[in-house]
Amino acid sequence: MCGIAGIYNFNKERVQISQLKLMTDELIHRGPDDDGFWMTPDETLGFGHRRLSIIDLTETGKQPMNYAEGRYTITYNGEIYNYVELRDWLQRFKYQFKSSSDTEVLLALYDFKKEKCLEYIDGMFSFAIWDSKENILFCARDRFGEKPFFYFNDNNSFVFASEIKALKKAVPSIVLNLEKLQHNITENYKPGVDETFFNNVKILPAAHFLEVRNGTLTIKKYWEIDLYKRTRYVRSSQYYEQFYEMFSRSVVRRLRSEVKTGSSLSGGLDSSAIVCCIQEIAKRKLNTFSARFKDHIHDEGKWIDEVVKFTAVDNFQVFPSGDNMVKEMQALIYTQEFPVASASVYAQWCVMRLAKEHNVRVLLDGQGADEYLAGYDNLKYFAIWELYRKGKFLRFNQELQYFKRNFGAGKSVGYKFLYDPLLHLIGKPRKIYDKGYTLRERLKYAVEQELPELLRYADRNSMAHSVEVRLPFLSQQLVEYVFSLPPELIYQMGNTKFVLREATKKILPPAIYSRTDKIGFAPPEKQWIKSDDFKAAIEHSNEIIHKSGLEKGSDEFRNFVAGNFISAFS
């Protein structure tokens, strides 16, 4: 895991090492172990790199790295989890390696397959490769957007970096877009997957690559979830066995490391499944890290204890507070470079810091499962409504009963869904279906449009503390498999993530397997903002908003965030 930066001047102006160093100095938290720089012979293109050593801790893993007698040069951030398998495969085609790093494997794979190399990678990444023979700058980002890639592009230059603050060192004209921030304050506006809150700063979207040839930039999508692929087995157990095989393989690959490894543990199904899987297949002593809250409604302590007792892992806990969040908010915002949506981002920040304090450099985490296994409450409705639309009335009525049992007799799936088949037939579906009509369509939207924001939070929070987060649920093979399954394996008998529950039933504590509620790292935000310190901080933020020519909104937390955002980047 690292920080990357680069400058490509089309106007033949020379890149200065000092420019690149200013950029990488802003990324030192992403790579505290080493730095490196490289430039083309004419000095119109330069790469910078900050290294967090995880695999191949020797000098042979140093970046920027050259390959094929200097034809290719790379600056790379991420991990290729299947690099061992790829290296063995490439050696059959006479490729040789001087290091044990995944970086060199990536370079060889690019030499062999060019842009199609991305199809072979199980990993998280953002990188830039210069091909000196073809004079092509090739940049790419992983399928889900785990690793960041920001860029500035005009007629004179193309500048990229892992974080916006590094871009600003090379392009001082980059400033905060106050109009977008105003929309965020009053309307909870969120930019698109390729946009930021800074003028002229773009994001290379997840699952896209970018090429620069002769000053011309081209962006293409290289991967997309297939909604029409289907997997059918005779026995239901086969679905669960296949899921567990893929999931456990993903966990094993993400344990590959030459430094101390641990896992977050929220007490929910996802992180519990990871921790239990590690104990089941790796048989290693594991450090786990959790956020707890003194407000019992939001506290997951009893569920965390269930997993700890069941697995005998070591568990370290932190108790985030509203007063501490007030003190650290500007630092958090400066790290994030985007307004944060809730106090849960701060809770995650605290967990990452806790891991660092215990010298853990790699942390496995359960993010990603909620989006494609319908973990969020609003996705339950899509699963139930779909049964009605398909005429599966017996199962529909059964699910209504499970819904009331699990979520309370006062809960309701509404009644407007009764008109959905007719509304869809005449081309006027309800607004709730703007993000997808079927369950699969809605889950795809969650993965492609909503997940990247959460992955950005995780990347920034972890890298702020020089910790690498790895996400076993975001294996391409596993995600594609789940999207090919019958919908009843996603939601059944009032349970979300049904296939995950059944696949991991044998390794989970019974109480975790049976959980139907969901909390996660959800602080008592409404309680926090009632404190005197928080109220004073909100009022201070309102003053900053006013002095900037903006208007405060009705949401006090968003006002609090916006004031700190302006202070951090003015």
>> Whether the side chain of E280 engages the backbone of C276 through a donor-acceptor N/O pair (distance < 3.5 Å, no angle test) should be reported.
In response: no
>> If I take atom OG1 from residue T504 and atom OH from residue Y244, how far apart are they, to the nearest 0.5 angstrom?
In response: 8.0 Å
What side-chain donor-acceptor pairs closer than 3.5 Å can you find for residues 83-92, not counting sequence neighbours?
from : atom 1 : to   : atom 2 : distance (Å)
E85  : OE1    : R256 : NH1    : 3.0
E85  : OE2    : R256 : NH2    : 2.8

> Between F483 and D226, what is the shortest heavy-atom contact and its length?
Replying inline: CB-O, 4.4 Å
> Of the non-hydrogen atoms in L286 and S263, which two are nearest, and what is the gap between them?
Replying inline: CD2-CB, 4.1 Å
> Just checking, any donor-acceptor pair under 3.5 angstrom between side chains of Y437 and D420?
Replying inline: no
>> Regarding E195 and K202, does a basic nitrogen lie under 4.0 Å from an acidic carboxylate oxygen?
In response: no
> Okay, side chain of D102, backbone of Y81: is any donor-acceptor separation there less than 3.5 Å?
Replying inline: no
> Residues in side chain to side chain donor-acceptor pair (under 3.5 Å) with R395, at least two apart?
Replying inline: E399
>> Using the rule given for side-chain contact (heavy atoms from CB on, under 4.5 Å), can you reason through R430 versus F417, listing the C-alpha separation, both sets of side-chain angles and the distance that settles it, and then say yes or no?
In response: CA-CA 9 Å; R430 289 187 290 150; F417 70 88; 3.8 Å; yes
> Any chance the side chains of Q367 and D270 put a donor and an acceptor closer than 3.5 Å?
Replying inline: no
> Cut-off 3.5 Å, side chains only: do N315 and S290 have a donor facing an acceptor?
Replying inline: yes
> Is the number of heavy atoms from other residues, nucleotides or ligands within 6.0 Å of NZ (K526) greater than 12?
Replying inline: no
> In this structure, are over 12 heavy atoms from other groups packed under 6.0 Å from Y419 atom OH?
Replying inline: no
>> Restricting to side chain to side chain contact (heavy atoms under 4.5 Å, CB included), what partner residues turn up for K114, sequence neighbours left out?
In response: R71, Y72, Y110, D111, D131
> Are the side chain of R515 and the backbone N or O of G267 linked by a donor-acceptor pair below 3.5 Å?
Replying inline: yes
> Partners of K431 by side chain to side chain contact (heavy atoms under 4.5 Å, CB included), sequence neighbours excluded?
Replying inline: D434
> What orientation do Y433 and W385 show, parallel under 30°, tilted 30 to 60°, or perpendicular over 60°?
Replying inline: perpendicular
> Could you go step by step and tell me if Y513 and E502 meet the side-chain hydrogen bond (donor to acceptor under 3.5 Å, both in side chains) rule?
Replying inline: CA-CA 8 Å; Y513 164 78; E502 296 306 308; 2.5 Å; yes
> Shortest non-hydrogen contact from N77 to R30?
Replying inline: ND2-NH2, 3.4 Å
> Would the Y222 and H208 ring centres measure less than 6.0 Å apart?
Replying inline: no
> Could you go step by step and tell me if D314 and T288 meet the side-chain contact (heavy atoms from CB on, under 4.5 Å) rule?
Replying inline: CA-CA 6 Å; D314 290 330; T288 61; 5.9 Å; no
> According to the salt bridge (Lys or Arg N to Asp or Glu O under 4.0 Å) rule, which pairs have a member within residues 475-487, sequence neighbours left out?
Replying inline: none
> Is a side-chain donor or acceptor of S271 paired with a backbone partner of S266 at a separation under 3.5 angstrom?
Replying inline: yes
>> Using a 6.0 Å distance limit plus a 45 degree cone around the ring axis, check whether R456 lies over the aromatic ring of F338.
In response: yes
> Passes side-chain contact (heavy atoms from CB on, under 4.5 Å), C277 versus I507? Steps please.
Replying inline: CA-CA 7 Å; C277 183; I507 64 170; 4.0 Å; yes
> Between E450 and R442, is a salt bridge (Lys or Arg N to Asp or Glu O under 4.0 Å) present by the stated rule, with each step listed?
Replying inline: CA-CA 11 Å; E450 297 171 344; R442 183 60 184 86; 3.2 Å; yes
> What pairs of residues pass the ring-ring contact (aromatic ring centres under 6.0 Å, His included) test when at least one of them lies in residues 447-471, not counting sequence neighbours?
Replying inline: W349-H465
>> Please verify the inter-ring angle class for F498 with Y240; under 30° counts as parallel, over 60° as perpendicular, anything in between as tilted.
In response: perpendicular
> D370: what forms a side chain to side chain donor-acceptor pair (under 3.5 Å) with it, not counting sequence neighbours?
Replying inline: K497, K518
> With distance as the sole test, does Q279 use its side chain to make a donor-acceptor pair with the main-chain N or O of V275 at under 3.5 Å?
Replying inline: no
> In Å, rounded to the nearest 0.5 Å, how long is the span from CG of L500 to NZ of K505?
Replying inline: 13.5 Å
> Looking at residues at least two apart in the chain, or sitting in another chain, which of them share a salt bridge (Lys or Arg N to Asp or Glu O under 4.0 Å) with R460?
Replying inline: E337
> Without hydrogens or angle criteria, can the side chains of T438 and R440 be said to hold a donor-acceptor pair below 3.5 Å?
Replying inline: no
> Applying the side chain to side chain contact (heavy atoms under 4.5 Å, CB included) test to C139, which of I129, I219, I4, L210 qualifies?
Replying inline: L210
> Taking the side chain from R501 and the backbone from T496, do they hold a donor-acceptor pair closer than 3.5 Å?
Replying inline: yes
> Is the side chain of S250 donor-acceptor paired with the backbone N or O of M246 at a distance under 3.5 Å, no angle test?
Replying inline: no
> With sequence neighbours excluded, what pairs up with N82 under the side chain to side chain donor-acceptor pair (under 3.5 Å) test?
Replying inline: none
>> Before you tell me yes or no, could you show the steps for I490 and L439 under side-chain contact (heavy atoms from CB on, under 4.5 Å), namely the whole-Å CA-CA distance, both residues' side-chain angles and the distance that decides it to 0.1 Å?
In response: CA-CA 9 Å; I490 307 300; L439 178 62; 4.3 Å; yes
>> Among residues at least two apart in sequence or on other chains, which ones pass side chain to side chain donor-acceptor pair (under 3.5 Å) with N287?
In response: none
>> ring-ring contact (aromatic ring centres under 6.0 Å, His included), that's the test. Do F125 and F127 meet it? Break it down for me.
In response: CA-CA 6 Å; F125 55 83; F127 64 81; 5.7 Å; yes
> Looking at residues at least two apart in the chain, or sitting in another chain, which of them share a side chain to side chain contact (heavy atoms under 4.5 Å, CB included) with T231?
Replying inline: Y233, Y239, Y481, S484, L485
> Do E468 and R470 meet the salt-bridge criterion of a basic N to acidic O distance under 4.0 Å?
Replying inline: yes
> Any ring-ring contact (aromatic ring centres under 6.0 Å, His included) pairs touching residues 247-274, not counting sequence neighbours?
Replying inline: F247-F473
> Looking at CG of L269 and OG1 of T516, how far apart are the two atoms once the value is rounded to the nearest 0.5 Å?
Replying inline: 11.5 Å
>> Whether the side chain of R558 engages the backbone of N184 through a donor-acceptor N/O pair (distance < 3.5 Å, no angle test) should be reported.
In response: yes
> Would you call E245-R249 a salt bridge at under 4.0 Å N-O?
Replying inline: yes
> Less than 4.5 Å apart, any side-chain heavy atom of E146 and any of D459?
Replying inline: no
>> Heavy-atom count check: over 12 atoms from other residues, nucleotides or ligands less than 6.0 Å from K428 NZ?
In response: no
>> Looking at every non-hydrogen atom in both residues, tell me the closest pair between N406 and G494 and how far apart they are.
In response: ND2-O, 3.1 Å
> Are any non-hydrogen side-chain atoms of P487 and Y491 less than 4.5 angstrom apart?
Replying inline: no
>> Are there over 12 heavy-atom neighbours, none belonging to K221, within less than 6.0 Å of that residue's NZ?
In response: yes
